[in-house]
> 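Shown below is the structure under consideration.
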2 protein chains.
Amino acid sequence: MNGKPTIKDVAAKAGVSVSAVSKVLRDAYGVSDEMRDKVNAAVKELDYRPRTAARSMRGRSYSIGVVMPGIASSFPTQIAEEINDFFKPTPYQPIITVGSGMAKEQIEAAEALIDRQIDGIILISPWMDIAWVERLATRIPTVLVARNGIGRHYDSVTDNAFEGALAMVSHLVELGHRSIAYTSMGDGGLKRPYVLSHTSRQDGYEYAMKMHGLKPRTVISAYTEDGGYRAGCELLDGDEPPTAIFAGSDIAAFGVMRAAYERGLRIPEDLTVTGYDNVFASGLHGVDLTTVDQSSNRMGRTAAQLLLERIEGRTEVVCRIESPKLVVRGSSAPPAKRR
Amino acid sequence: MNGKPTIKDVAAKAGVSVSAVSKVLRDAYGVSDEMRDKVNAAVKELDYRPRTAARSMRGRSYSIGVVMPGIASSFPTQIAEEINDFFKPTPYQPIITVGSGMAKEQIEAAEALIDRQIDGIILISPWMDIAWVERLATRIPTVLVARNGIGRHYDSVTDNAFEGALAMVSHLVELGHRSIAYTSMGDGGLKRPYVLSHTSRQDGYEYAMKMHGLKPRTVISAYTEDGGYRAGCELLDGDEPPTAIFAGSDIAAFGVMRAAYERGLRIPEDLTVTGYDNVFASGLHGVDLTTVDQSSNRMGRTAAQLLLERIEGRTEVVCRIESPKLVVRGSSAPPAKRR
DNA sequence: CTGAAAGCGCTTACAG
DNA sequence: CTGAAAGCGCTTACAG
């Protein structure tokens, strides 16, 4: 046996018939416990997974279709929409699957797709450890979005988060801020240099602070409105509240703003708040958040393009790094003379 | 031949071999023009589409996998995420596909899924005409979200948009407004009662206005920030600018707000602006939009539940209508004494 | 309870 | 250029 194991391989290893394996797999009526155990052992040993395509020729595909209108409203959805647009004129159909921000769920989602015999896969902000990704990439054309590091078998598209964070800190320092805090999130156990963008943003922030002779001050919490709120509370209620808070994502910045308003602070008069991502809501009047745009409008297309090239045979690794740009709006201003 | 046509049926109809059909389909080398024409005619006549599952057993699946982290940031994405959560503990895997807000693209997206042998399909805000949907529903379990009317072969989940719009108008009238304009979007040629939610919102608005003895005034434009902006400009630059603008969607309301601010108007002192949907951004400090929440947090799960029941054999039609609720925030207030 | 055989709808060498 | 046959990896009656 070579390549992905089939039901035949399982049957051979377990020393039973193919139909018996099929029955155990489908939990069908009429199998002895002994048979079940033997088959399950063989399945586990071979790491066997039934192919949905073969299955659906007779039985069910266990696939549910969902058709929805456009979705470009956050970084991942924007990327997904561009991928979709890119493949429209080709015979390929993107099928999207949603995991959470956890490695385990993302692996499950990816495997569900592989069971469906996809020709290639794009992972957006993937939390899986790099060994898993490399293994995946030896089996199927793979492109990663928003994950740093150069792979051996896959392509990647990232923004230069280090540079983006650096630009933001420089902007704040130029305005006169000296006490600039940063909110980030945990690294999820990912090891350098194969980290997600936010780690690289944090690196950029810390590097820039030191470069300007300032002391970095990072609070770790979630990249959610609530996470930002908690980080904001911690910073603003502390001994020496900063004059500027650079949130690692716009969503978190919204939470920081809430904490600030709750304390009667005006933005930007009393406190400067900035973010990263340039999501739709950041541009709204009344929000007007200074942020960094990671040019996600190109990242999705680039990822799709790279995947297509791989499907068509390219094997050399390509790693594209887009340059982010600072978007200055009304939430940043010089610090108040005294507090 | 009965059921969906196969390559065999095409071959029989065209009077050629199965392999010949396969070659024409894949544009492979070595087919005469005559053969090509015969096959294409048969394909068209039978409305044949190759099954991706069978295809992928030897060749390509023409499916691209995209794995992305959570996406609940707009009405459709929120629905999609809940569907996803619902199926997590089941053996079914939702595969999401993105169309635009146009019937043609949505049909293409749906067909791409059917080619992949899905067991059931959920359509979110579908623009296809009802005959197409009914035909689909006779072939495969189908559930519609946010589309009015009771089907013969499919289930549906909607919010009571009429009631929601009515509640909003009553709120505005209670505040003292008499001149309340509304922004909607086109009906896309859909015929009553099988309309999308926004038509029903408009009906509710117009009914409520008449009920209060007021003259309805609706501007049609897109449900986008820009569409709202254009509608806002039209209303505010007109002869008798309204004291309140009820936008048919939050996104459009953001555009109306931009038009207002651009003209130096304060919200809510000089102009009341309200929306519908209660998207994330509406709750942000500085936006603080009065709106209607269509309890989309239940709609997705309900749709998934109904689909599962259909897959498992139910055939009676179920139509669930959720009650929306008014969310009063800072963008609505009594009209200025004089303008 | 277990297994040999047919078949799902395609594609792919291989003859003709 | 065209077609008969084998095969992809499963499931499904059907015997045993």
Side-chain angles (χ1 to χ4, degrees), chain A residues 1-40 42-43 46-63 91 93 112 114-119 139, chain B residues 1-40 42-43 46-63 91 111-112 114-119 139:
Chain A
M1 165 213 137
N2 51 4
K4 233 184 136 186
T6 72
I7 197 169
K8 241 173 159 173
D9 301 317
V10 176
K13 168 133 294 186
V16 300
S17 73
V18 163
S19 9
V21 175
S22 173
K23 270 183 201 146
V24 172
L25 255 32
R26 287 173 296 115
D27 249 346
Y29 177 77
V31 272
S32 66
D33 288 356
E34 194 198 340
M35 165 78 76
R36 192 186 313 282
D37 292 346
K38 275 196 292 192
V39 170
N40 284 333
V43 164
L46 295 174
D47 194 22
Y48 168 77
R49 294 180 67 103
R51 250 138 291 197
T52 306
R55 224 169 210 192
S56 50
M57 299 211 53
R58 305 227 99 212
R60 290 200 173 155
S61 70
Y62 291 102
S63 303
Q93 170 70 33
I114 294 165
D115 295 344
R116 282 158 186 76
Q117 303 282 101
I118 46 171
D119 296 329
R139 291 194 292 154
Chain B
M1 166 215 138
N2 50 5
K4 233 184 135 186
T6 71
I7 197 170
K8 241 175 162 171
D9 300 317
V10 177
K13 167 131 298 184
V16 300
S17 74
V18 163
S19 7
V21 176
S22 173
K23 269 184 203 147
V24 171
L25 255 33
R26 288 173 296 111
D27 249 347
Y29 176 76
V31 273
S32 64
D33 287 355
E34 193 198 338
M35 165 78 77
R36 193 186 313 281
D37 292 346
K38 276 196 293 192
V39 170
N40 284 333
V43 163
L46 294 173
D47 193 24
Y48 167 78
R49 294 179 66 101
R51 250 138 291 198
T52 306
R55 224 167 210 195
S56 50
M57 298 212 52
R58 303 227 102 214
R60 289 198 174 159
S61 70
Y62 291 101
S63 304
E111 269 168 356
I114 294 165
D115 295 344
R116 282 158 185 77
Q117 302 284 100
I118 47 172
D119 295 331
R139 290 194 294 155

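Heavy atoms only: backbone and side chains are in, while hydrogens, waters and symmetry mates are out. Lettering follows sequence order; numbering is per chain, from 1.
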> Side-chain N or O of Ser19(B) versus OP1/OP2 of dT11(C): is the shortest distance under 4.0 Å?
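So the side-chain polar atoms of Ser19(B) never come under 4.0 Å of the phosphate oxygens OP1 or OP2 of dT11(C).
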> How would you list, by chain and number, every residue that makes a salt bridge (charged side-chain N to carboxylate O under 4.0 Å, His left out) with Lys38(B), sequence neighbours excluded?
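Once residues adjacent in sequence are excluded, Lys38(B) has no partner under the salt bridge (charged side-chain N to carboxylate O under 4.0 Å, His left out) criterion.
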> So what does Val16(B) hit on the nucleic acid, given a heavy-atom distance under 4.0 Å: a base, only sugar-phosphate, or nothing?
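Sugar-phosphate: the residue Val16(B), judged by heavy atoms under 4.0 Å, touches backbone atoms but no base.
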> Atom OH of Tyr48(B) to atom P of dC10(C): distance rounded to whole Å?
3 Å
> Establish, with yes or no, whether the OP1 or OP2 oxygen of dC10(D) is under 4.0 angstrom from a side-chain nitrogen or oxygen of Ser22(A).
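No, no such contact exists.
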> Rounded to whole Å, please give me the gap between CD1 in Ile7(A) and P in dC8(D).
14 Å
> Between dT11(D) atom P and Leu25(A) atom CG, what is the distance in whole Å?
6 Å
> Could you run through DNA chain C and flag its stems, i.e. three or more consecutive Watson-Crick or G-U pairs with both distances under 3.5 Å?
C:1-3 with D:14-16, C:5-12 with D:5-12, C:14-16 with D:1-3
> Return the value, rounded to whole Å, for the distance between atom CD of Glu34(B) and atom P of dT2(D).
7 Å
> Would you mind reporting whether Arg139(B) and Ile114(B) have side-chain heavy atoms less than 4.5 Å apart?
yes
> Is any side-chain heavy atom of Val43(A) less than 4.5 Å from a side-chain heavy atom of Val24(A)?
no
> How long is the line joining CD1 of Ile114(A) and C1' of dG9(D), in whole Å?
17 Å
> For Ile7(A) and Tyr48(A), work out which heavy atoms get closest and say how close.
N-CE1, 3.5 Å
> Report all interatomic pairs (protein N or O, nucleotide N or O of nucleotides 14-16 of chain D) with separations under 3.5 Å.
none

> Whole-Å distance between dA5(D) C1' and Lys8(B) NZ?
13 Å
> Would you please confirm or rule out a distance under 4.0 Å between OP1 or OP2 of dC8(D) and any side-chain N or O of Thr6(A)?
no
